[in-house]
Structures are given as C-alpha cells and as structure tokens.
Amino acid sequence: MSGLLTKEKLLQIFEYLNERLKENQLQLELTIYGGSLMTMVYDNRPATKDIDCVFSDVNYTLLENILDSTKFTFGLEDGWINEEIKEPLKALIKEEKEVYRLYSNFKILKPKVEQLLAMKILAARPEPAKDFLDASLLCKELNVDSKEKLLKIVSEYISPKLLGERQIAFIKYLGKDLGYDWE
C-alpha cells in the first residue's frame with residue numbers, strides 16, 4: 001500500500017466518495033469501527049490499514065464501481081474496505097450509533113463509546129492488535145474506575161456468557177494498567 005490511511009487521507013476518501021455518490025444520485029450510510037474510528041475520532045493512532053465498516057442497504061453494483069474508482073484514485077490495496085466487522089456485531093445485544101460526519105449524499109455513523117468499549121473487551125486480541133490501548137483510552141474517556149462499572153457497560157451490549165478466560169485476563173490487566181485492582 002502506498003502508506004497507511006491517516007485521518008487526512010480518510011477525510012479525502014470520504015469527500016471523494018460523497019462526490020461519486022452525488023454524481024450517481026445515491027445516498028449511503030456507513031458505520032465505521034476499529035482502527036479507522038480510533039484514528040479519526042480519538043486521534044490515538046496516526047493511521048490505519050483499512051476501513052472497518054458496514055454499509056447500509058444500497059445499490060451494490062453502483063457502489064462497487066464507486067469503491068473501485070476510489071481504490072484506483074487513492075492507490076489503495078485490495079481489502080481497503082473491510083466488512084469483516086459484521087461477524088462480531090452479531091454478538092451484540094444492542095447497537096447504538098450516532099452520526100459522526102454528514103455529507104450531502106453520505107452519512108458516517110459510529111458506535112457509542114460504551115458500545116465500542118464492549119466490543120474491544122469482547123475482541124481482547126493480543127498485540128499487535130490495538131484492543132488494549134483502545135480499551136484503556138475508552139475507559140479513561142468514560143471515567144471507568146471500577147470492574148463493576150466496566151462490567152455494567154459491557155453487559156449492556158454483550159452477554160456475560162461470552163466473557164471467557166481471554167476477556168477476563170484482559171479486564172484484569174486493563175484494571176492493573178489503569179491503576180486499579182480488578183481481581
């Protein structure tokens with residue numbers, strides 16, 4: 001790839017997408033997650049390798065053409081749009097989204113901070129995944145200072161039966177990193 005996707009490049013891509021959508025008289029809603037969200041909204045990453053997202057119902061033939069032209073214009077690699085997030089979303093009890101950015105033909109949504117934190121806890125991937133750093137940042141943003149507070153947030157979005165050994169170890173380590181004893 002000709003470099004990672006910085007916040008500036010992501011914004012250029014979104015503006016370009018909006019122009020192509022406008023030309024095709026198409027409206028699109030896109031919900032972003034993962035690295036692209038952390039890069040754009042929380043500025044805690046310099047860049048991301050792809051855009052983890054879910055598209056609203058749309059004319060897929062037209063959208064494919066627009067995405068192909070975007071890939072060509074910006075010199076993006078295959079897989080620059082990553083819809084694999086659809087699978088973990090199936091584990092959610094509820095999904096709460098809010099508008100992040102609004103263009104004339106393009107609406108970008110993001111999950112609420114609490115939902116994002118729950119998703120990071122569920123994923124609990126080891127490094128080089130950034131789940132731990134992201135979860136730590138989100139805990140600080142939400143003033144999560146106890147295991148009970150964290151588990152209350154998580155249980156609003158994810159069934160506690162999905163919290164296995166990996167997630168429990170992740171939560172304990174997260175508490176320790178934040179300066180709390182979450183044993």
Side-chain angles (χ1 to χ4, degrees), residues 1-21 24 26-103 105-138 157-158 162 166-167 170:
M1 181 187 280
S2 59
L4 293 169
L5 301 173
T6 62
K7 182 175 183 172
E8 292 72 31
K9 190 162 188 174
L10 286 165
L11 289 171
Q12 289 171 357
I13 289 169
F14 292 150
E15 286 170 17
Y16 179 86
L17 279 171
N18 184 61
E19 288 305 310
R20 301 297 76 77
L21 291 163
N24 289 280
L26 205 58
Q27 291 287 327
L28 179 66
E29 198 172 89
L30 178 76
T31 306
I32 59 170
Y33 301 88
S36 49
L37 176 65
M38 297 307 290
T39 299
M40 293 193 64
V41 179
Y42 297 100
D43 290 324
N44 83 321
R45 295 185 189 181
T48 184
K49 64 182 177 17
D50 59 11
I51 300 173
D52 298 307
C53 63
V54 175
F55 292 101
S56 59
D57 292 333
V58 71
N59 178 331
Y60 265 95
T61 308
L62 268 177
L63 181 60
E64 284 294 317
N65 292 338
I66 291 169
L67 294 177
D68 285 346
S69 109
T70 306
K71 177 184 168 192
F72 177 81
T73 302
F74 289 91
L76 304 169
E77 273 189 358
D78 288 343
W80 71 277
I81 286 284
N82 181 356
E83 292 186 89
E84 290 173 13
I85 191 72
K86 285 180 178 177
E87 199 52 42
L89 287 174
K90 292 176 184 172
L92 292 180
I93 295 168
K94 67 178 178 179
E95 187 164 19
E96 294 185 299
K97 303 182 229 180
E98 50 198 23
V99 174
Y100 168 64
R101 229 170 241 279
L102 205 49
Y103 297 89
N105 291 56
F106 189 32
K107 184 191 294 187
I108 301 175
L109 303 173
K110 69 178 193 65
K112 283 183 66 176
V113 180
E114 294 85 353
Q115 178 186 324
L116 191 57
L117 176 58
M119 292 173 72
K120 291 293 179 181
I121 298 295
L122 179 64
R125 295 169 296 191
E127 292 297 329
K130 303 276 192 261
D131 293 334
F132 189 80
L133 291 171
D134 293 347
S136 181
L137 176 102
L138 297 169
Y157 297 93
I158 294 166
L162 294 177
R166 190 176 84 234
Q167 288 82 7
F170 185 91

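When a residue number appears, it is its place in the shown sequence, counting from 1.
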For [X] against [Y], the heavy-atom pair lying closest together:
X: Ile121; Y: Ala135; value: CD1-CB, 4.5 Å
X: Asn105; Y: Asn18; value: N-OD1, 2.8 Å
X: Ala118; Y: Ile158; value: O-CD1, 3.0 Å
X: Ser69; Y: Tyr16; value: OG-OH, 2.8 Å
X: Leu76; Y: Thr70; value: CD1-O, 4.0 Å
X: Ala47; Y: Leu4; value: CB-CB, 3.4 Å

Working to the nearest 0.5 angstrom, can you tell me the gap between [X] [atom1] and [Y] [atom2]?
X: Leu117; Y: Leu122; atom1: CG; atom2: CG; result: 11.5 Å
X: Tyr42; Y: Leu138; atom1: OH; atom2: CG; result: 5.5 Å
X: Leu5; Y: Glu77; atom1: CG; atom2: CD; result: 9.5 Å
X: Leu11; Y: Arg101; atom1: CG; atom2: CZ; result: 4.5 Å
X: Ile51; Y: Met40; atom1: CD1; atom2: CE; result: 8.5 Å
X: Trp80; Y: Cys53; atom1: CH2; atom2: SG; result: 8.0 Å

Can a cation-pi geometry be assigned to Arg166 and Phe170, taking NZ or CZ under 6.0 Å from the six-membered ring centre and within 45° of the ring axis?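 Output no; distance or angle outside limits.
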Establish, yes or no, whether the cationic atom of Lys94 lies under 6.0 Å from the six-membered ring centre of Tyr157 and within 45° of the ring axis.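 Flagged: Lys94 positioned over aromatic ring of Tyr157.
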Using residues 123-133 as the side-chain source, report each donor-acceptor pair under 3.5 Å to any protein atom, sequence neighbours left out, with the distance given to one decimal.
{"unit_1": "Arg125", "atom_1": "NE", "unit_2": "Asp131", "atom_2": "OD2", "d": "2.7"}
{"unit_1": "Arg125", "atom_1": "NH2", "unit_2": "Asp131", "atom_2": "OD1", "d": "2.8"}
{"unit_1": "Arg125", "atom_1": "NH2", "unit_2": "Asp131", "atom_2": "OD2", "d": "3.4"}
{"unit_1": "Asp131", "atom_1": "OD1", "unit_2": "Lys120", "atom_2": "NZ", "d": "3.3"}
{"unit_1": "Asp131", "atom_1": "OD2", "unit_2": "Arg125", "atom_2": "N", "d": "2.9"}

Begin with the C-alpha distance, continue with both residues' side-chain angles, and end with the deciding distance and a verdict on side-chain contact (heavy atoms from CB on, under 4.5 Å) for Ile85 and Met119. CA-CA 10 Å; Ile85 191 72; Met119 292 173 72; 3.8 Å; yes
Does Lys7 reach the main-chain N or O of Thr39 with its side chain, forming a donor-acceptor pair under 3.5 Å?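 Flag not set: sc Lys7 to bb Thr39 has no pair under 3.5 Å.
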Here's a test for you: under side-chain contact (heavy atoms from CB on, under 4.5 Å), which of Leu30, Val41, Leu116 qualifies with Lys110?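 Of all the options given, the one that passes is Val41.
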Given Pro111, which of Leu37, Leu92, Ile32 fulfils the side-chain contact (heavy atoms from CB on, under 4.5 Å) condition?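 Only one of Leu37, Leu92, Ile32 forms a side-chain contact (heavy atoms from CB on, under 4.5 Å) with Pro111, namely Leu37.
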Who are the ring-ring contact (aromatic ring centres under 6.0 Å, His included) partners of Tyr103, not counting sequence neighbours?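 ring-ring contact (aromatic ring centres under 6.0 Å, His included) check on Tyr103 returns Phe106.
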A quick test of your reading: do over 12 heavy atoms of other residues, nucleotides or ligands sit less than 6.0 Å from CD of Glu84?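 No, CD of Glu84 has 12 or fewer neighbouring heavy atoms, counting only those of other groups under 6.0 Å.
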Excluding sequence neighbours, so at least two apart, what forms side chain to side chain contact (heavy atoms under 4.5 Å, CB included) with Glu83?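 By the side chain to side chain contact (heavy atoms under 4.5 Å, CB included) rule, Glu83 matches Phe55, Tyr60, Ile81, Lys86.
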With a 4.5 Å limit on heavy-atom distance, are the side chains of Thr48 and Met38 in contact?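 A side-chain contact is absent here, since even the closest heavy-atom pair is not under 4.5 Å.
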Determine, step by step, whether Ser36 and Asp50 satisfy the side-chain contact (heavy atoms from CB on, under 4.5 Å) criterion, reporting the C-alpha distance in whole Å, the side-chain angles of both residues, the deciding distance to 0.1 Å, and the verdict. CA-CA 7 Å; Ser36 49; Asp50 59 11; over 6 Å; no
